[in-house]
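In what follows, a structure is listed as structure tokens, so that the remarks can point back to it.
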Amino acid sequence: MAQISLTLPDGNARQYNAGITAGEVAADISKSLGKKAISATVNGAHVDLAWPIEEDADIAIHTMADEEQANELVRHDLAHIMARAVQEIWPDTKVTIGPVIKDGWYYDFDRTESFTPEDLATIEKKMKEIINKRDEVRTEVWDRARAIKHYQDNDEPYKVELIEAIPGDEPLRMYWHGDWQDLCRGPHLQHTGQVPGDAFKLMSIAGAYWRGDSDRAMLQRIYGVAFTGKEKLKAHLNMLEEAAKRDHRKLGREMDLFHMQEEAPGQVFWHPNGWTVYTELQDYMRRKQRAAGYVEVNTPQVVDRKLWEASGHWDKYQEHMFIVEVDEDHAREKAVNALKPMNCPCHVQIFNQGMKSYRDLPLRMAEFGSCNRYEPSGALHGIMRVRGFTQDDGHIFCREDQIEAECAAFIDYLASVYKDLGFEKFEIMFATRPEKRVGTEESWDHVENALENAIRAAGHPYTLDAGEGAFYGPKLDFKLTDAIGREWQCGTFQVDPNLPERLGASYIGEDGSKHRPYMLHRACLGSFERFIGMLIENSAGKLPFWLAPRQVVVASITSEADEYVLEVVETLKAEGVRAEADMRNEKINYKVREHSVGKVPVILAVGGREVEEKTVSVRRLGQKQTSVQALSAVAQELAVEATPPDLRA
RNA sequence: GCUGUAGUAGCUCAGUGGUAGAGCGCGUCAUUGGUAAUGACGAGGUCGGGAGUUCAAUCCUCCCCUACAGCACCA
């Protein structure tokens, strides 16, 4: 029998007969490792302990202490165990697929009856029984024909389809958890008892399309989360609770920022507090973009379909546009209009007015553009995904040789804005040509190269997101990570050779003849609505002082201080601080609680002593201790904090 | 849009085939207090909309709207 050499992570090599399994290697290294081992990585591939190794390889044996591998195995085995539990309880259920995802797994089932939330407890109970049985996990390699026959005989049509879709004719791996069998790539644990029975939880049931295709059957998906230990599960559930507390819809109500109602689905009624945040942010962005060399414009809301036909949007997005037709009795002539779903075609109209010279380029045009899109009802989510929104939109008309510098300048601009708003780090995704696209391959090659060179030149790391570009051109997407680790795509930078062509934009070059400009679409916040929603969730409502809608409440402790309360408020207002008086006949405890719930960053309490001494008792949101300070000093300090970051000395 | 769940007072929610209840909030009065809820009293709802079954519907059935979770979508 041939000898092979297996190299351990510490560099030591051991000799074995070819065909030895990783489990046997583990047991050979030490008895305890043999017991604790759960899987192995062989030449970079994560495999079962029962997997035979036929040639020289690097090998690492994993135990439950190897978080990454252990989580994968636990979640993967739980997917199988759950599917087995479901089929044991409801034998007429058809199985499909059940992959591992972040924090857990899901499994999609086809069953006539709907699962109910109560069913989850039943399934969980059954799963624990299976785990307690410590059933062996077996694997066999079958050829395709046998596997297909097996699933046909067992009336599992989805599995048949899956096998038929696997390219090539390599043999398939079949796994058994006890008597229950599934087609699977592996790897798995050795027996069901290795899965921690107290570190998983079934979370929810939802519909999901078979193979992610909305034209195909709707299956029932059950989601679960799982970890290697129950403390980790607990920590995860706490995190979810924490996230729920930050929900912008809840905070939006508690802080009296905005509301939404049935009569205007997907549109925001901004209340005074929320609108203060909005306008404060908009004022900031206006200063920033002016400083970055943009000219600001404004364009119509209701635009004839002819323009959308010319731009190509009518064809592609008609169903997602609000169509506006004036009543025939009133209209002088019949016209079909659409609420603008985007600003780009309108900006080209401005560009097209008069002759442009190469000397005018790059022309950076910005608009706080209000757009309306008829988003599918299921897509709406608070103020994060709405039907009426305002983008911090901008289009740069430029020559090809200017793309690189404009891209670099935009990344600087965006980094500076994000930093001011409390996000030090962001990620760049480089999205390339999608399947459905316009333009020639040469043009795509060209523009993708130009954009990639531009990011490289900007010296920022990026991740390739192949096939995710816009239909007209490649793009960069900018992702922020919030305080509890969630990612948000906000900024974008897109190169578009298509729209200037379609809408006939041109400039006169140095050579005296007409040329096509490139159009760069870019946004930093994305939309004010979404970004504010994200800011609320990121800060759990504790917005930075300069953005906080109610910055200071001056609360009287006794009515004797009322006059002084007003004086303090006036002093602060004169310093540009948003201050208000609370002289209600309530106890100070009550006022402190109410304004704390309302996320007011600073409460200044004043009673007899403060009136005497011209001081205020300062209480910062979230802090228990207070400090008594001179009014003048506090006013100066708060004036600095109230200044937007770009205006600070 | 699809699957599922839900909609009762401003908010959070209980409840019932015989036209509704709590806590908070709101109003009035008393209370003048020292950093996350002072007390008493009071007002407030055609039970999401429409149709049907029934002597009788907030409750049962059907349709619609909206929200929530996920999927699909996101110029």
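All values below were derived from every heavy atom in this structure, side-chain atoms included, with hydrogens, water molecules and symmetry-related copies excluded. In this text, all values refer to a predicted model and were calculated from it rather than measured experimentally. Proteins come first, then strands; the chains are lettered A, B, ... in the order of their sequence lines, and each starts at number 1.
- Annotation for H446(A): atom NE2 does not count as buried by contact number, only 12 or fewer foreign heavy atoms lying within 6.0 Å.
- The six-membered or imidazole ring of F258(A) lies away from that of H271(A), with a centre-to-centre distance of 6.0 Å or more.
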Test log, rule side chain to side chain donor-acceptor pair (under 3.5 Å), inputs S370(A) and K340(A): CA-CA 8 Å; S370(A) 290; K340(A) 79 172 165 187; over 6 Å; no

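- The distance from atom CE of M218(A) to atom P of U3(B) is 6 Å, rounded to the nearest whole Å.
- Counting any heavy atom pair closer than 4.0 Å across all strands shown, I205(A) reaches no nucleic acid atom.
- As a whole-Å value, the separation of F471(A) CZ from C73(B) C1' is 15 Å.
- Look at R253(A) and you'll find a side-chain N or O under 4.0 angstrom from OP1 or OP2 of U12(B).
- Checking Y223(A) against K316(A), the closest nucleotide of RNA chain B that is more toward the 5' end is the one next to Y223(A).
- Between the P atom of U32(B) and the CG atom of D562(A) lies a distance of 14 Å, rounded to the nearest Å.
- Base contact: T558(A) has a heavy atom under 4.0 Å from a base atom.
- When heavy atoms are screened at a 4.0 angstrom cut-off, S377(A) is found touching base atoms of the nucleic acid.
- Within the 4.0 angstrom heavy-atom criterion, only backbone atoms of the sugar-phosphate kind lie near Y590(A); the bases stay farther away.
- Taking atom P in both C41(B) and G10(B), one finds a spacing of 23 Å when rounded to whole Å.
- One cannot find a donor-acceptor pair under 3.5 Å joining the base of G1(B) and the side-chain atoms of Y374(A).
- Looking at heavy-atom distances under 4.0 Å, F115(A) makes no contact with the nucleic acid at all.
- For a distance-only test at 3.5 Å, the side chain of E610(A) qualifies as a donor-acceptor partner of the base of G34(B).
- Both the sub-6.0 Å distance and the 45° axial angle are not jointly satisfied by R522(A) relative to the ring of F493(A).
- Counting non-hydrogen atoms under 4.0 angstrom, H381(A) reaches the backbone sugars and phosphates but no base.
- Counting all heavy atoms, side chain and backbone alike, L78(A) lies closest to A226(A) at CD1-CB, 3.3 Å.
- Using a 4.0 Å heavy-atom criterion, one finds that R221(A) contacts the sugar-phosphate atoms exclusively.
- Residue R385(A) places a side-chain atom within donor-acceptor reach of the base of C74(B), judged by atom type and a 3.5 Å distance cut-off alone.
- Along RNA chain B, the nucleotide nearest G608(A) and the nucleotide nearest H320(A) are compared for position; the residue whose nucleotide lies closer to the 5' end is G608(A).
- Residue-level contact check: E560(A) touches neither bases nor backbone, having no heavy atom under 4.0 Å from any strand.
- Distance NE2 (H271(A)) to C1' (G10(B)): 11 Å, rounded to an integer number of Å.
- A gap of 14 Å separates the P atoms of U19(B) and C59(B), to the nearest Å.
- The side chain of R249(A) contributes an N or O atom lying less than 4.0 Å from OP1 or OP2 of C68(B).
- Aromatic ring orientation, F426(A) versus Y418(A): perpendicular (interplanar angle above 60°, classes split at 30° and 60°).
- Between the P atom of C74(B) and the CE atom of M321(A) lies a distance of 16 Å, rounded to the nearest Å.
- Atom C1' of G17(B) sits at a distance of 28 Å from the matching atom of G23(B), rounded to the whole Å.
- Residue contacts for G382(A): at a heavy-atom cut-off of 4.0 Å it reaches the sugar-phosphate backbone alone, with no base atom in range.
- Comparing the same atom, P, in A67(B) and in A30(B) gives a spacing of 46 Å after rounding to whole Å.
- Look at the P atom in both G4(B) and C64(B): the space between them is 13 Å, to the nearest Å.
- Across all strands, P376(A) comes closer than 4.0 Å to base atoms (heavy-atom distances).
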